[in-house]
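Data block below; observations after.
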Amino acid sequence: MSQTHLLNPQSALQFIFGGDAIFTLVSRKTRTRFTYRVSKAKQGERYFVRLLIGPDNMSDYQYVGMIQDRNFGLTEKSHLNIDSPPVVAFKWMLDRLLSDRNLPNAEFYHIGRCARCARLLTVPESIESGFGPECREKK
Ligand SMILES: [Zn+2]
């Protein structure tokens with residue numbers, strides 16, 4: 001699957017908080033990568049963070065933690081510890097982006113699906129922004 005690189009902190013944040021966003025974070029040094037899915041809760045400004053743990057990038061996700069008021073943390077249902085690499089990487093990424101800093105030695109990709117509804121993106125402008133034509137107006 002082709003992936004698209006998001007260039008600046010603001011477009012990455014817009015994507016992450018799009019509603020149902022799937023993206024991959026890659027370390028330039030080690031090429032370690034993690035794919036996350038961040039989905040908005042039905043109520044409130046809460047987002048659930050899940051980690052891809054299997055071959056199906058639409059369904060094989062495991063719950064990691066929650067973002068509440070833009071703070072990421074683990075909960076009782078978390079399957080990972082606070083010092084496990086996918087948790088450390090996610091926290092690092094979010095903290096940096098929220099303070100409008102780039103991700104040194106890391107690359108941020110969306111997987112070609114809309115950040116709001118997770119439908120496949122086909123229009124070139126949509127692939128670039130990470131939002132489909134209809135969802136772009138609603139974000
Ligand atoms: Zn959409």
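Whatever order the structure lists them in is the order used to number ligands and atoms, beginning at 1.
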Q: Can you tell me which residue pairs pass the ring pair (Phe, Tyr, Trp, His ring centres under 6.0 Å) test with a partner in residues 50-82, sequence neighbours excluded?
A: Phe72-Phe90

**Q.** Cluster companions of Val123 among Ile, Leu, Val, Met, Phe, Trp, Tyr (side-chain spacing under 4.5 Å)
**A.** none

Q | Among Asp60, Leu80, Thr35, the one residue meeting side-chain contact (heavy atoms from CB on, under 4.5 Å) with Leu51 | A | Leu80

Q) Got a sec, which pairs hit side chain to side chain donor-acceptor pair (under 3.5 Å) with one end in residues 90-99, sequence neighbours left out? A) Ser99-Arg101

**Q.** From Arg33 atom CZ to Tyr109 atom OH, the distance as rounded to the nearest 0.5 Å
**A.** 10.5 Å

Q) Should we count CZ of Arg28 as having more than 12 external heavy atoms under 6.0 Å? A) yes

Q: For the Zn ion (ligand 1), state how many protein N, O or S atoms fall inside a distance shorter than 2.8 Å.
A: 3

